[in-house]
Amino acid sequence: MSVYAISNLADLLNTNEYPGRGIVIGKSADGNSIAVAYFIMGRSNNSRNRIFTEEGDTVTIYPADSRKVEDPSLIIYHPIRRIGSNLIVTNGDQTDTIYEFLKDGNSFEEALETRRFEPDGPNWTPRISGLVQLDGSERYKMSILKAEDAEGKHCARYTYSYHLENGLGHFIHTYQHNGDPIPTFCGEPERITIPDSAEEMADLIWNNLNEDNKISLYVRYINVVSGQVENRMINKYTQVKEG
């Protein structure tokens with residue numbers, strides 16, 4: 001396949017039982033909107049016990065049932081935050097690291113130099129991150145921090161910078177496919193087509209994720225002229241109210 005080939009996101013998802021957590025960034029085919037999507041999957045009870053919540057520009061992951069939480073450290077975080085003209089999307093608490101670095105006038109890359117992959121050997125789940133610049137520059141970045149070795153001694157850091165193009169986006173996810181241990185994502189973010197609306201994107205992703213392993217999905221489309229936001233959020237599970 002050519003390095004310039006553009007894949008159908010549905011095909012990438014429905015042929016992969018476990019891509020893990022995934023980030024999509026791009027521009028709608030009609031050129032009207034910047035598109036961002038983030039989904040999570042899980043195989044264990046602890047991983048599946050999660051829901052997305054939304055408050056303003058921030059998305060937070062909480063336990064669906066707090067009584068069943070085994071280890072909150074890697075499942076509760078803000079996957080999406082906005083600071084100024086920058087929208088951050090990640091698969092972990094590095095969202096907050098990036099936010100604080102940008103607030104202090106530092107860069108996306110500098111923030112991620114201070115972080116590593118997740119300490120969950122032998123999987124060593126990669127930290128994947130994205131940054132969308134909403135200042136009219138038409139740029140976005142993606143990053144992956146992954147183990148260089150099976151023992152998790154060293155961290156490799158890769159950052160990719162892209163120009164927004166109508167109908168084109170990139171997809172990065174934590175795992176190549178299911179396994180034990182789970183093999184880490186390899187190569188560059190995958191080039192994919194981007195539909196025109198948040199509803200289309202949400203349907204495309206949710207309907208093609210593995211039914212047993214999918215947990216939550218959040219999609220945000222931002223109009224490039226007006227800044228108007230269109231969001232779609234889907235949770236497989238319902239939050240259990242205490243008391």
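All of these numbers come straight from a predicted model, not from anything done at the bench. Starting from 1, each residue takes its place in the sequence as its number.
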Query raised in the report: Y160 and H170: aromatic ring centres closer than 6.0 Å?
Result: no

Verify whether one side chain among [X] and [Y] offers a donor that lies under 3.5 Å from an acceptor in the other.
X    : Y    : value
T97  : Q94  : no
S7   : E190 : no
N235 : R50  : no
S107 : E110 : yes

Taking atom [atom1] as the centre, does [X] end up with more than 12 heavy-atom neighbours from other residues, nucleotides or ligands that are less than 6.0 angstrom away?
X    : atom1 : answer
E151 : CD    : yes
N45  : CG    : no
Q228 : CD    : no
Y77  : OH    : yes

Is there a donor-acceptor pair closer than 3.5 Å between any side-chain N or O of [X] and the backbone N or O of [Y]?
X    : Y   : result
T53  : T60 : yes
R127 : N91 : no
N49  : A64 : yes

Query raised in the report: How far apart are the C-alpha atoms of F52 and I40, what are their side-chain angles, what is the distance that settles it, and do they pass the side chain to side chain contact (heavy atoms under 4.5 Å, CB included) test?
Result: CA-CA 10 Å; F52 285 0; I40 60 174; 3.6 Å; yes

**Report entry** Audit row: N86, Q133, side chain to side chain contact (heavy atoms under 4.5 Å, CB included) steps and yes/no
**Finding:** CA-CA 5 Å; N86 294 292; Q133 297 168 237; 3.8 Å; yes

Requested in this report: Take the angle between the ring planes of H173 and F185 and call it parallel below 30°, perpendicular above 60°, tilted in between.
Outcome: perpendicular

Report task. Report the hydrophobic cluster partners of I83, with the cluster defined as I, L, V, M, F, W, Y residues connected by side-chain heavy atoms closer than 4.5 angstrom, directly or transitively. Result -> I88, I98, Y99, L102, F108, L112, L131, L145

Query raised in the report: For F101, which fellow cluster members are found when Ile, Leu, Val, Met, Phe, Trp and Tyr are connected by side-chain heavy-atom distances below 4.5 angstrom, either directly or through intermediates?
Result: none

Report summary line: Sequence neighbours excluded, the answer for side chain to side chain contact (heavy atoms under 4.5 Å, CB included) partners of I80 is V59, L87, V89, Y218, R220

Spacing of [atom1] belonging to [X] relative to [atom2] belonging to [Y], to within rounding of 0.5 Å:
X    : Y    : atom1 : atom2 : result
D212 : R48  : CG    : CZ    : 6.5 Å
T193 : N166 : OG1   : CG    : 13.0 Å
W206 : K236 : CH2   : NZ    : 7.0 Å

**Report entry** Verdict with reasoning, E165 to E138, per side chain to side chain contact (heavy atoms under 4.5 Å, CB included)
**Finding:** CA-CA 8 Å; E165 298 283 353; E138 298 280 289; over 6 Å; no

Query raised in the report: Do the side chains of T125 and R21 get nearer than 4.5 Å, heavy atoms only?
Result: yes

